[in-house]
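Just so it is clear: chains get the letters A, B, ... in the order the sequence lines come, proteins before strands, and each one is counted from 1. Here the structure is a predicted model, which means the values were calculated and not measured.
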2 protein chains.
Amino acid sequence: METSDVPVGVADVSITDSKPNPPAPTNTASMLPPCRVCGEKASGFHYGANTCEACKGFFRRSLKKKGEYKCVNNKDCNIGPGKRNGCPKCRYKICLDIGMSKEGKYNDSI
Amino acid sequence: METSDVPVGVADVSITDSKPNPPAPTNTASMLPPCRVCGEKASGFHYGANTCEACKGFFRRSLKKKGEYKCVNNKDCNIGPGKRNGCPKCRYKICLDIGMSKEGKYNDSI
DNA sequence: CAATCAGGTCACGAGGTCAG
DNA sequence: CTGACCTCGTGACCTGATTG
């Protein structure tokens with residue numbers, strides 16, 4: 001059911017900065033949907049979901065400590081762009097909600 | 001010899017770094033610009049501004065007590081290298097003037 | 001062989017600590 | 001109260017493994 005996330009066709013490439021594309025012109029990350037956790041720019045498919053590097057690393061760290069967080073406000077914190085570090089527990093909860101798991105590569109048995 | 005009696009804080013408000021750049025801009029704190037508050041050697045980016053360890057700790061403490069200081073001279077005190085402890089209120093004022101805040105980097109305020 | 005992802009690495013900053 | 005030092009989470013980058 002993840003197929004709806006893929007934007008079909010090269011819509012726009014708003015590369016307006018002074019950086020050319022010397023190597024592979026396959027700007028993959030630039031056409032990905034935003035991170036499912038925090039809404040920032042995703043860097044790829046990680047642990048079964050489109051996430052940014054930050055949330056990818058966060059989830060990996062969370063697996064090690066088994067998600068033993070405590071909510072800062074004892075309620076559902078607002079996780080979004082620019083405020084993803086407010087509450088680790090609620091951030092981790094979103095990770096689980098969107099189906100992130102240890103086996104995420106080509107094994108989407110969710 | 002450093003700058004004499006020139007108050008460093010209100011000098012310029014050139015906050016030019018609001019964008020996460022991929023490569024490391026500089027090596028270490030040894031080549032950072034001086035502390036925007038007191039003019040001493042900065043130790044890094046703290047709460048949204050280049051400050052020394054002293055002013056970083058001071059600002060953190062100030063946040064807790066909500067900046068409830070009273071000016072020593074009832075006017076704008078001269079904050080500079082070697083005389084940063086003269087008046088907490090005016091020191092805190094400079095912190096706010098240069099844009100220091102809880103949400104300097106990625107943190108959020110709920 | 002090229003593209004992609006899991007996991008590792010490490011510099012950086014927030015917040016805590018405590019002697020002075 | 002001050003400020004030098006400490007710990008820990010964060011996230012950008014790197015590397016190896018795996019896949020088509």
Side-chain angles (χ1 to χ4, degrees), chain A residues 2 6 23-32 35 37-38 40-65 67-70 72 79 81-89 91-92 95 100-108, chain B residues 17 19-32 35 37-38 40-65 67-70 72 79 81-89 91-92 95 100-109:
Chain A
E2 312 277 6
V6 182
T26 329
N27 24 17
T28 322
S30 10
M31 48 194 298
L32 280 172
C35 172
V37 178
C38 71
E40 304 246 340
K41 189 156 61 69
S43 70
F45 231 78
H46 304 295
Y47 299 98
N50 265 306
T51 67
C52 59
E53 275 293 303
C55 290
K56 165 194 144 190
F58 171 80
F59 187 74
R60 177 166 45 83
R61 248 174 274 125
S62 297
L63 289 177
K64 279 184 181 170
K65 54 174 53 107
E68 293 170 359
Y69 296 114
K70 52 181 179 296
V72 175
I79 306 294
K83 45 196 296 192
R84 71 169 82 95
N85 285 330
C87 176
K89 186 186 184 72
R91 186 187 188 182
Y92 182 61
C95 290
M100 290 178 78
S101 67
K102 183 93 166 147
E103 14 271 316
K105 196 167 185 180
Y106 293 94
N107 183 12
D108 58 275
Chain B
D17 187 79
K19 182 181 177 181
N21 283 330
T26 50
N27 203 357
T28 340
S30 35
M31 46 196 310
L32 281 171
C35 173
V37 178
C38 72
E40 304 246 342
K41 190 155 63 71
S43 70
F45 227 76
H46 305 295
Y47 300 98
N50 266 305
T51 67
C52 60
E53 275 293 303
C55 290
K56 164 195 146 189
F58 171 79
F59 186 75
R60 176 164 44 83
R61 249 175 272 124
S62 297
L63 289 176
K64 278 185 181 169
K65 55 175 50 112
E68 293 171 358
Y69 297 114
K70 51 182 179 297
V72 175
I79 305 295
K83 45 197 294 194
R84 71 167 83 95
N85 285 332
C87 176
K89 187 186 183 71
R91 187 187 188 181
Y92 182 60
C95 290
M100 290 179 78
S101 67
K102 185 95 167 135
E103 309 87 52
K105 199 177 167 72
Y106 290 110
N107 273 330
D108 71 309
S109 63

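- Distances from the side chain of Pro88(B) to the nucleotides dT2(D), dG3(D), dG16(C) place dT2(D) closest.
- With rounding to whole Å, Phe59(A) atom CZ is found 17 Å from dG9(D) atom P.
- In this model, the phosphate group of dG15(C) is approached by a side-chain N or O of Lys102(B) to a distance below 4.0 Å at OP1 or OP2.
- Side chain Lys56(A) to base dG7(C): a donor-acceptor pair is found below 3.5 Å.
- Considering only the side chain of Phe45(A), dC5(C) comes nearest among dG3(D), dG16(C), dC5(C).
- In this structure, CG in Asn50(B) is found 13.0 Å from NZ in Lys56(B), a value given to the nearest 0.5 Å.
- If you measure from atom OH of Tyr92(A) to atom P of dG9(D), you get 15 Å, rounded to the nearest angstrom.
- Note on the helix from dC1(C)-dG20(D) to dG20(C)-dC1(D): terminal axis deviation equals 0°, with five pairs used at each end and the result rounded to 10°.
- Atom-to-atom, CE of Met100(A) to C1' of dC5(C) comes out at 12 Å; the value is rounded to the nearest Å.
- Between Lys65(A) atom NZ and dT7(D) atom P there is a gap of 17 Å when expressed in whole angstrom units.
- Counting atom types as modelled, Arg61(A) pairs no side-chain N or O with a base atom of dG8(C) as donor and acceptor under 3.5 Å.
- Rounded to whole Å, the distance from NZ on Lys41(B) to P on dG3(D) is 15 Å.
- When rounded to the nearest whole Å, the span between OH of Tyr47(B) and P of dG3(D) equals 15 Å.
- Across dG15(C), dT2(D), dC5(C), the shortest atom-to-atom separation from the side chain of Arg91(B) is found for dT2(D).
- Closest to the His46(A) side chain, of the nucleotides dG8(C), dG16(C), dC5(C), is dC5(C).
- Straight-line distance from the CZ atom of Arg60(B) to the P atom of dC1(D): 13 Å, rounded to whole Å.
- Taking atom CD on Glu53(B) and atom P on dC12(C), their separation rounds to 14 Å, with Å as the unit.
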